[in-house]
2 protein chains.
Amino acid sequence: MENKETFIKKLRSSGLRPTRQRIEICRALYDRKKTFHFTINDLAKILKSKSNEKISLATIYNTVCAFKNINYLKEISINSNKSYFDTNVSNHHHFFNESTDELIDLKNDDVGNIKLKKKIPGKKIKSVEILVKIKDNN
Amino acid sequence: MENKETFIKKLRSSGLRPTRQRIEICRALYDRKKTFHFTINDLAKILKSKSNEKISLATIYNTVCAFKNINYLKEISINSNKSYFDTNVSNHHHFFNESTDELIDLKNDDVGNIKLKKKIPGKKIKSVEILVKIKDNN
DNA sequence: AACCTACTTTATAATGATTCTAAAGTAGTG
DNA sequence: CACTACTTTAGAATCATTATAAAGTAGGTT
Ligand SMILES: [Mn+2]
Ligand SMILES: [Mn+2]
Ligand SMILES: [Zn+2]
Ligand SMILES: [Zn+2]
C-alpha cells in the first residue's frame with residue numbers, strides 16, 4: 001500500500017531519478033501484500049497488464065539491475081536459462097520446483113543454522129544460500 | 001589413472017556406446033588425480049589441447065548432458081550466464097569466487113548438518129545445495 | 001521561463017550460450 | 001557383409017541478455 005510519494009523518496013535517496021518508468025516498476029514490485037519471485041519476462045507481462053504506459057524491455061532490464069545494486073531486489077542463484085529475482089531482500093533460502101520452475105521461500109527458521117567451518121583467506125563472504133530442488137512425486 | 005578399457009566398460013554399462021569422442025571426453029574428465037569444475041568452454045579447450053582428434057561443440061554438449069543424466073557429472077546451481085559442471089558427483093557444497101568465476105568445494109564436514117523443518121507435500125527432494133559467494137577483500 | 005547537462009529511455013542490433021536440424025558416420029548384431 | 005539404431009557434425013536457429021547511439025527528461029541554474 002505504498003504510495004507514489006514514498007517510491008519517489010526511496011528512489012531519490014538511492015541516487016536514482018524518479019522517472020515514470022521506475023515508479024511504475026516500483027508499483028508492480030512493491031505495491032503488494034506479499035513479496036514474490038519473478039523473471040524479467042514475468043515482470044514485463046505484469047507491467048503490460050497493470051500499467052498503461054509502455055516500458056521498453058531495455059528499461060526493465062536496466063531498472064531491475066539498478067534495483068539489485070541498491071538492494072531493492074535480490075537475484076537468486078539457480079542454474080536456469082533465465083535470471084530469477086526476489087522482492088524479499090532479507091537473508092533466506094529457497095525451494096525450486098523443477099516441475100513448474102517456481103521458487104518457494106524457506107524461512108531462515110526453517111533451516112538449522114549453517115556453520116561454515118572452512119574459511120578462504122583474503123576473501124569476504126557475500127552471501128550464503130541454500131537451494132533445495134524438488135520435483136513432483138510419481 | 002583409469003585406462004581405456006575401464007571407460008569402455010563404464011560407458012557400456014550405462015547404455016552409452018563407447019565412441020572415440022566419448023572415450024576422449026572420459027579421459028579429459030576422469031584421468032586425473034582430483035575432481036574439478038568446468039564449463040563447456042573449459043572442456044572444449046582442454047580437449048583441443050590434450051587430444052588430437054577434433055570433437056565438435058555439439059558433441060561436447062551432447063556428451064556432457066548424457067554424462068549428467070547417468071550421474072557421471074553434476075551440474076552446479078549458479079546464476080551465471082554459463083553452466084558449471086563438476087566431476088565430483090557426491091553430495092557437497094561450494095564457494096563461488098565472484099572475482100574469478102571459480103568454484104571451490106566445501107566438504108560436507110565443512111558445513112554443519114542442514115535440517116529442513118519445512119516440507120512440501122507431494123514433492124520429493126532432488127538435491128540440497130549450499131552456495132557461498134565470496135569476493136576478494138579490498 | 002528558458003537553458004543546460006547529466007541521467008534515462010528506447011528501438012534496434014549484437015552477443016553468446018545453448019539447442020535444433022538433417023545429413024553423414026559408426027557400433028553392434030546377425 | 002548388411003542392417004539399423006545410435007552418434008557425430010556443421011551449420012542454422014533460438015533466446016536471454018547486453019551494447020549502441022539517438023531522442024527524451026529531471027533537476028538544477030541563469
Ligand atoms: Mn544456464
Ligand atoms: Mn543467467
Ligand atoms: Zn525468496
Ligand atoms: Zn564441487
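Note that this is a predicted model, so its numbers are computed, not measured. Here is the naming used below: chain letters follow the sequence lines, and residue numbers restart at 1 for every chain.
Not one side-chain nitrogen or oxygen of B:T59 sits closer than 4.0 Å to the OP1 or OP2 atom of D:dT7. Phosphate proximity of C:dT10 to A:Q21: present, with a side-chain N or O under 4.0 Å from OP1 or OP2. Considering only side-chain N and O atoms, B:Y61 lies under 4.0 angstrom from the phosphate OP1 or OP2 of C:dT18. In terms of phosphate contacts, A:K54 brings a side-chain nitrogen or oxygen within less than 4.0 Å of OP1 or OP2 of C:dA11.
Here the C1' atom of nucleotide C:dT8 and the CD atom of A:E24 are 16 Å apart, to the nearest Å. Summarising the geometry, the separation between CD1 on A:I23 and C1' on C:dC7 is reported as 15 Å, rounded to the nearest angstrom. Rounded to whole Å, the distance from CD1 on A:I55 to P on C:dT10 is 7 Å. Atom CD of A:E75 and atom C1' of D:dT17 are 11 Å apart (whole Å). Spacing between atom CG of A:N79 and atom P of D:dA16 amounts to 16 Å, rounded to whole angstrom units. Between A:K68 atom NZ and D:dT17 atom P the separation is 11 Å, expressed in whole Å. Atom pair A:I70:CD1 and C:dC7:P shows a separation of 15 Å (rounding to whole Å applied). Regarding B:L57, its CG atom lies at a distance of 18 Å from the P atom of C:dT21, rounded to whole Å.
For B:N62, the side-chain atoms get nearest to D:dT9 when compared with the rest of C:dA11, D:dT9, D:dA16. Residue A:T63 places its side chain closer to C:dT9 than to any other of D:dA10, D:dT8, C:dT9. Across D:dT7, C:dT18, D:dA16, the shortest atom-to-atom separation from the side chain of A:K82 is found for D:dA16.
Within a 6.0 Å radius of NZ in A:K124, more than 12 heavy atoms belonging to other residues, nucleotides or ligands are found. Residue B:K117 qualifies as enclosed at atom NZ: its count of foreign heavy atoms under 6.0 Å is above 12.
With hydrogens and angles left out, the side-chain atoms of B:S51 and B:E24 include a donor and acceptor closer than 3.5 Å.
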Polar-atom pairs under 3.5 Å, protein N or O versus N or O of nucleotides 27-30 of chain C: list them with distances, or write none.
from	atom 1	to	atom 2	distance (Å)
C:dA27	N3	B:R17	NH1	3.2
C:dG28	OP1	B:R12	NE	2.8
C:dG28	OP1	B:R12	NH2	2.8
C:dG28	OP2	B:R12	NH2	3.4

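No option in B:T87, B:L11, B:V89, B:N62 other than B:L11 meets the side chain to side chain contact (heavy atoms under 4.5 Å, CB included) test with B:F67.
Below 30°, between 30° and 60°, or above 60°: for B:H92 and B:H37 the angle between ring planes is between 30° and 60°, a tilted geometry.
Between the side chain of A:Y30 and the backbone N or O of A:Y72 there is at least one donor-acceptor pair closer than 3.5 Å.
Rounding to the nearest 0.5 Å places CD1 of A:I78 at 4.5 Å from CZ of A:F96.
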